[in-house]
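Naming convention: chains lettered A, B, ... in sequence-line order (proteins, then strands); numbering from 1 in each chain.
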Amino acid sequence: MTAPATTRAADFIRTIVAEDLRTNKWGGRVVTRFPPEPNGYLHIGHAKSICLNFGIAEEFGGACHLRFDDTNPSKEDTEYIESIQEDVRWLGFDWGENLFYASDYFDRLYAYAVQLIKKGKAYVCDLSQEEIREYRGTLTEPGRESPYRGRSVEENLDLFERMRAGEFPDGSRVLRAKIDMASGNLNMRDPVLYRILRAKHHRTGDKWCIYPMYDYTHCLSDSIEGVTHSICTMEFEDHRPLYDWVLDELGVYHPQQIEFARLNLTHTVLSKRRLLELVEGGHVTGWDDPRMPTLSGLRRRGYPPEAIRRFCERIGVAKRDSMVDIALLEHILREDLNRRVPRVMGVLRPLRVVIENYPEDRIEEMECVNNPEDPAMGVRKVPFSREIYIEREDFREEPPRKFYRLAPGREVRLRYAYFIKCVDVVKDDKTGEVIELRCTYDPETRGGDAPDGRKVKATLHWVSAPRAVEAEVRLYDHLFAQPNPNEATDEKGFKACLNPNSLAVLTSCRLEPSLREARPGSRFQFERQGYFCVDSRDSRPGALVFNRTVTLRDTWARVQKAQKKQG
RNA sequence: UGGGGUGUCGACAAGCGGUAAGUCACAGGACUUUGGCUCCUGCAUUCGGAGGUUCGAAUCCUCCCACCCCAGCCA
């Protein structure tokens, strides 16, 4: 076995794995698994589990299986199987030959059930669903034994065989484990092992009309695959005694189940049910809406998989409930994008500027650095002309305190171009809205430096008006206005705190011409604005659509906020 | 009132009997042709609470408190 490849701090699970390796508990093997049910799209909470399971396998020289927990055909679909595989691969993990389906074990699972019956540890129960619930008792009162609990092995065998043969209607009987109806752990009160369910399975078709339950299937699947560490979330801690019971009664290979706390993130929800509600309620455009915390949503939003992986490393793994500030995710995102993404100029809300002393027909190619963080990314030429666009918010007719940008009579630098000074403001006669700025430039400042050493307080991005590319830009913000939507008390529930401003569509943005051929999925930093990527679904050549992945840190915005607060 | 689990800075999270890492956030400052990046500085005399053991406790013991999960023929 190889030693851990990275020097990351060992969380309690890695500590267990390392210790097991040291004591040779599993014969030097490390086998984990990521076991999604194919009934929805993966989200960033799943990424935590994927990174944990595949990460441990990688670090300790083991293997991680991708296993679909497909025991409930009424909810599952191949659409999800495909998206899940795509997402895991996109994150950068490889299960190699280890792609499994719990449904592949149905025959063996059935045989094991027969074994349990023969051992007197399982019985066919005719109680209705409601009756089973009543017999189960409550959290504080013990349950009562089913009147069918004492059936003979022969009768159970016969009945179970006939359940499989389709002799009984859906829901009429179940196979139950015979454990302890008085257990303080509800999961041990004769849990259901098999139910009759006539549903076409996406893989086994109509072969079965009985399907095994999670608790029975999961432990045996782990056992069959030789998993060493079966890592799951905390809510399954109560199920561990049952996991152990099944394997012990059957006397088969017995992996160790270990639980960790699932991820919670501020300003979003991470439950398949709620995510599905957002999709079906039309609150988002789909599972891959860039505002969704799904991996497909984050991908479309422009998140690189490396950023998500890095995030999963940094949040750690522990057992306590936690709520990670989405600001941490965004910080790691910027950290990643800052290093790798080329800079570009794009004006989101254009304001026309005419440089009066600049020749009418002249177009100059200004040399711009592609990424100051990485000189190897080189330079590019960006055309400059008499008419340009700047950002509307970079001009204030009456500049407030600490506003360094353009204002009447004030001089600023146009990035990589010239110093310009605002000499006049043109307004719409009727509305009074500023529609154009008249400026002059200083030819001596070409490239952005003044030979006389004079300084300006601000540098603005700009785009040549005649050479600009028009594009649509979608600005995204947090899906939920409040940090924890799950705490919403409104009768509309978590949806009551959906952020009404989570999406703003800007249609006549002007971008530098180098962006004309930008490919779907490619990422850029629009200088002074944020990181953007070409939408992979709606963007077309000639009709580009960009998604804002995340804004840049904005000190000015914070200054304004503070000023506003002070009054 | 049953069973299981968890409590260390606003948020994550190290620490495992020798005197509270780190990261995000936040607040200052330096630098700056992105109000970006980077860099400095500050930010828990205290570890859910109360007792106890010990020369010494976030770490060990006792009691208490708070929060989370469990009553699907879902996973």
Take Met234(A) and Arg413(A), find for each the nucleotide of RNA chain B with the closest heavy atom, and name the residue whose nucleotide sits nearer the 5' end. Met234(A)

Rounded to the nearest angstrom, tell me the gap between atom NZ in Lys319(A) and atom P in rC69(B). 16 Å

Do the side-chain N and O atoms of Ser183(A) and Asn185(A) include a donor-acceptor pair separated by under 3.5 angstrom? no

Heavy atoms of His239(A) and Asp215(A) approach each other most closely as ND1-OD1, 2.7 Å

Does rU23(B) have a Watson-Crick or wobble mate here (both distances under 3.5 Å), and if so which one? rA11(B)

Give the rounded distance in Å between these two atoms: CG of Leu329(A) and P of rU23(B). 18 Å

Whole angstrom value for the distance that separates C1' of rG3(B) from CD of Glu141(A): 14 Å

I want to verify a distance call: between rG7(B), rG35(B), rG2(B), whose nearest atom is closest to the Arg320(A) side chain? rG7(B)

So Phe403(A), base contact, sugar-phosphate only, or nothing? Heavy-atom distance under 4.0 Å. base

Minimum-distance nucleotide to Thr140(A) side chain [options: rU1(B), rC12(B), rG35(B)]: rU1(B)

Using a heavy-atom cut-off of 4.0 Å across all strands, would you classify Ala557(A) as base, sugar-phosphate, or nothing? nothing

Close residues, residues 332-345 of chain A, relative to RNA chain B [heavy-atom separation under 4.0 Å]: Asn338(A), Arg343(A)

What is the distance, to the nearest angstrom, from the CG atom on Leu552(A) to the P atom on rU38(B)? 11 Å

If each of Lys48(A) and Glu527(A) is mapped to the nucleotide of RNA chain B with the nearest heavy atom, which maps nearer the 5' terminus, i.e. the 5' end? Lys48(A)

Where along nucleotides 70-75 of chain B does protein come under 4.0 Å, by heavy atom, of base (B) or sugar-phosphate alone (S), with - for untouched nucleotides? BBSBSB

Checking all strands, does Pro372(A) fall into the base, sugar-phosphate, or nothing category for heavy-atom contacts under 4.0 angstrom? base

Pull out every protein N or O sitting under 3.5 Å from an N or O of nucleotides 42-44 of chain B, one pair per line with the distance.
none

Please determine if a side-chain N or O atom of Arg314(A) lies less than 4.0 Å away from the OP1 or OP2 oxygen of rG22(B). no

Would you call Lys381(A) and Glu367(A) a salt bridge, using N to O less than 4.0 angstrom? yes

May I have the distance from Asn371(A) (atom CG) to rU38(B) (atom P), rounded to whole angstrom? 12 Å

Residues in ring-ring contact (aromatic ring centres under 6.0 Å, His included) with Tyr416(A), at least two apart? none

Are the aromatic ring centres of Phe260(A) and Phe12(A) under 6.0 angstrom apart? no

Give none if rA71(B) has no partner; otherwise give the nucleotide forming a Watson-Crick or G-U wobble pair with it, both distances under 3.5 Å. none

Side chain of Gln529(A), base of rG36(B): donor and acceptor closer than 3.5 Å? no

Nearest-Å distance for atom pair NZ/P, residues Lys561(A) and rG35(B): 20 Å

Residues forming a side-chain hydrogen bond (donor to acceptor under 3.5 Å, both in side chains) with Gln256(A), sequence neighbours excluded: Lys25(A)

Gln525(A) has a side chain; which of rU8(B), rG35(B), rU34(B) sits nearest to it? rU34(B)

ring-ring contact (aromatic ring centres under 6.0 Å, His included) against Phe384(A), all qualifying residues, sequence neighbours excluded: Tyr358(A), Tyr418(A), Trp462(A)

Reckon Arg553(A) touches a base, only the sugar-phosphate, or nothing at all at heavy-atom distances under 4.0 Å? sugar-phosphate

Nearest listed nucleotide, side chain of Glu237(A), among rC26(B), rG5(B), rA11(B): rG5(B)

Ion pair check, Arg203(A) and Asp70(A), cut-off under 4.0 Å: no

Return yes if a side-chain donor-acceptor contact under 3.5 Å exists between Asn486(A) and Arg274(A), otherwise no. yes

For the pair made of CG in Leu328(A) and C1' in rA25(B), what is the distance, rounded to whole Å? 10 Å

